[in-house]
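Note: hydrogens, waters and symmetry copies are ignored here, and every other heavy atom, side chains too, is used. These numbers were taken from a predicted model, which means no experiment stands behind them.
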Amino acid sequence: MRIRCIALDLDRTTLNSEGHLSEKNRRAIERAISSGIQIVVASGRSLDSLPGEVLEIPGIRYAITSNGAAVYDLKGKICLRQYKLKAEAVRDILRATEGEDVTFEAFIDGKPYAEKAYVEDPVRFGAMPRSIPYIQGTRKPTEDMRSFIREHEVELDCIDVVVKSEEHKQKLWKTLEKQAKDVYITSSVKQLLEISDVNAGKDAAAKFLIGYLGLSRKELAGFGDGHNDSGLLKYAGIGFAVENASAECREAADWIVASNDEDGVAEGIEYILKVNAETGES
């Protein structure tokens with residue numbers, strides 16, 4: 001069956017290690033759009049954190065954001081579907097992390113907020129040096145994130161718990177799974193636990209959007225690299241993991257392409273275009 005929609009994870013998949021879109025990936029995306037394929041952003045990023053160099057490509061109209069907590073029609077920034085964290089879930093998260101050496105990022109209607117100290121020096125909190133421009137360029141500094149989260153507990157798209165080690169992240173993950181109700185927990189980078197409503201997830205959002213567009217899951221291809229992409233790759237008619245993907249993501253994929261620094265997305269798209277041409281379907 002012809003692929004009519006491609007859902008692209010951004011960081012460490014479509015974007016290279018410097019957080020930019022290569023010319024080869026850009027050209028492949030443009031060729032896919034020209035052939036009639038709907039290109040959908042499918043990111044853990046919030047709406048206001050999506051990179052301009054991707055959104056400026058003519059023809060990219062839809063975005064799955066915040067790991068599926070919200071789906072947008074980018075033409076006018078219309079929210080098509082959204083799940084906010086339940087207030088009790090927010091309180092559960094705060095209780096479960098009380099006394100832990102963590103900080104937070106919080107998102108309201110696509111806008112990101114983070115602890116001022118974290119924004120000023122992300123590396124001290126476990127972020128990679130190359131993430132500094134992204135964090136400092138997108139997060140609104142806030143003095144006391146616990147207080148901010150309490151004050152906005154009914155407005156939150158999602159919460160990221162920022163940790164300093166993989167061991168601490170795995171420990172907290174287990175704690176939150178036991179103590180926080182009605183949440184979906186995932187991780188796309190080593191220093192973050194990303195928490196949204198139980199109805200979120202890129203796979204659930206893709207299912208909604210495919211229905212909205214009048215397509216079937218067999219007409220969907222997904223690309224990703226992390227835990228938060230595994231469900232999408234399993235749901236899609238064909239799932240592509242980049243070479244640098246996690247073991248879980250690779251296991252979920254049907255196809256392994258080159259790494260994000262070697263234009264793996266372009267490789268996968270060219271394969272899709274070739275197969276589409278061979279099927280001869282309109």
Side-chain angles (χ1 to χ4, degrees), residues 7-21 41-51 54 63-69 93 97 100-107 110 112-115 117-139 145 157-174 176-177 183-196 200-202 222-233 241-253 259-261 264-265:
L8 295 176
D9 172 54
L10 296 182
D11 297 289
R12 295 163 302 280
T13 300
T14 305
L15 305 180
N16 61 27
S17 293
E18 301 304 314
H20 294 295
L21 179 68
V41 170
S43 180
R45 295 193 187 205
S46 65
L47 179 65
D48 285 11
S49 302
L50 298 178
V54 173
I64 293 167
T65 66
S66 299
N67 289 316
I93 293 165
T97 56
E100 298 283 350
D101 185 18
V102 300
T103 187
F104 303 91
E105 298 179 326
F107 304 83
Y113 302 82
E115 195 89 32
Y118 170 63
V119 176
E120 291 175 347
D121 187 3
V123 175
R124 184 161 68 88
F125 291 83
M128 297 293 288
R130 61 175 175 259
S131 300
I132 294 173
Y134 166 65
I135 293 169
Q136 294 183 340
T138 57
R139 272 54 180 162
M145 279 302 294
D157 304 333
C158 52
I159 293 173
D160 291 347
V161 183
V162 184
V163 299
K164 294 182 179 178
S165 72
E166 180 67 24
E167 181 181 5
H168 193 196
K169 181 175 80 173
Q170 294 301 326
K171 174 178 172 287
L172 268 182
W173 198 327
K174 291 178 182 177
L176 285 161
E177 283 182 333
V183 296
Y184 164 75
I185 306 173
T186 189
S187 180
S188 61
V189 290
K190 68 181 184 66
Q191 82 272 16
L192 296 182
L193 272 176
E194 300 157 62
I195 311 171
S196 48
K202 293 185 183 182
F223 286 75
D225 78 296
H227 178 276
N228 61 330
D229 299 307
S230 299
L232 171 64
L233 269 55
V242 285
E243 181 63 37
N244 52 289
S246 67
E248 182 178 11
C249 187
R250 291 167 66 95
E251 179 66 25
S259 75
N260 66 317
D261 287 324
V265 163

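Neither side chain, S196 nor N67, offers a donor N or O lying under 3.5 Å from an acceptor on the other. Checked by atom type, the side-chain pair N16/D261 shows no donor-acceptor distance below 3.5 Å.
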Could you walk me through whether K171 and E100 pass salt bridge (charged side-chain N to carboxylate O under 4.0 Å, His left out), step by step? CA-CA 11 Å; K171 174 178 172 287; E100 298 283 350; 3.4 Å; yes
Please step through side-chain contact (heavy atoms from CB on, under 4.5 Å) for the pair V41 and I64, ending with a clear verdict. CA-CA 6 Å; V41 170; I64 293 167; over 6 Å; no
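Counting only heavy atoms from C-beta outward, the side chains of Q191 and Y118 approach each other to under 4.5 Å. Residues V102 and V162 fail the side-chain proximity criterion, which asks for heavy atoms closer than 4.5 Å. Side-chain contact between L193 and D160 is absent, with no heavy atoms from C-beta onward closer than 4.5 Å. Using a 4.5 Å cut-off on side-chain heavy atoms (C-beta onward), K164 and D101 make contact. Contact check for L176 versus V183: no side-chain heavy atoms found under the 4.5 Å cut-off. Proximity of E194 to S188: side-chain heavy atoms (C-beta onward) are separated by under 4.5 Å at one or more points. Contact annotation: the side chain of C158 never approaches that of I195 to less than 4.5 Å [non-hydrogen atoms, C-beta and beyond]. Considering only heavy atoms from C-beta on, E251 stays 4.5 Å or farther from S230 through its side chain.
Of the listed residues (D229, L50, T65), just one forms a side-chain contact (heavy atoms from CB on, under 4.5 Å) with S43, and that residue is L50.
In this structure D157 satisfies the side-chain hydrogen bond (donor to acceptor under 3.5 Å, both in side chains) test together with Q82, K84, sequence neighbours excluded. Applying the ring-ring contact (aromatic ring centres under 6.0 Å, His included) criterion to H227, with sequence neighbours excluded, gives W173.
Salt-bridge annotation for K169 and E166: present, with a side-chain N of the basic residue lying under 4.0 Å from a carboxylate O of the acidic one. Of the charged side-chain nitrogens involved, none lies within less than 4.0 Å of a carboxylate oxygen, so that R139 and E115 do not count as a salt-bridged pair.
Nearest heavy atoms, A127 versus I135: CB-CD1, 3.9 Å. A pairwise comparison of heavy atoms in V189 and S187 identifies O-OG, 3.0 Å as the closest pair. Across G224 and D9, no two heavy atoms sit closer than the pair CA-CB, 3.9 Å. Listed here is the closest heavy atom pair of A241 and C249: CB-O, 4.0 Å.
Both cation-pi conditions hold for R45 and Y134: the charged atom is under 6.0 angstrom from the six-membered ring centre and inside a 45 degree cone around its axis.
Using modelled atom types, one side-chain atom of Q136 and one backbone atom of E120 make a donor-acceptor pair closer than 3.5 Å. With hydrogens and angles ignored, the 3.5 Å screen pairs a side-chain donor or acceptor of S46 with a backbone N or O of G110. Using a distance-only test at 3.5 Å, with no hydrogens or angles considered, no donor-acceptor pair links the side chain of S66 to the main chain of G68. Put simply, the side chain of S49 never gets that close to the backbone of T138: no donor and acceptor are under 3.5 Å apart. Side-chain atoms of S259 do not come within 3.5 Å of backbone N or O of E243 as any donor-acceptor pair. In terms of modelled atom types and a separation under 3.5 Å, the side chain of S165 and the main chain of H168 share a donor-acceptor contact. For the pair R12 (side chain) and V242 (backbone), a donor-acceptor distance under 3.5 Å is absent. Without hydrogens or angle criteria, K190 side chain to G126 main chain gives a donor-acceptor distance under 3.5 Å. Between the side chain of K202 and the backbone N or O of A42, at least one donor-acceptor pair lies under 3.5 Å. No side-chain donor-acceptor contact under 3.5 Å links N260 to the backbone of D11.
Atom OG1 of T13 sits about 9.5 Å away from atom CZ of F223, to the nearest 0.5 Å. With values rounded to the nearest 0.5 angstrom, L15 atom CG is found 6.5 Å from L21 atom CG.
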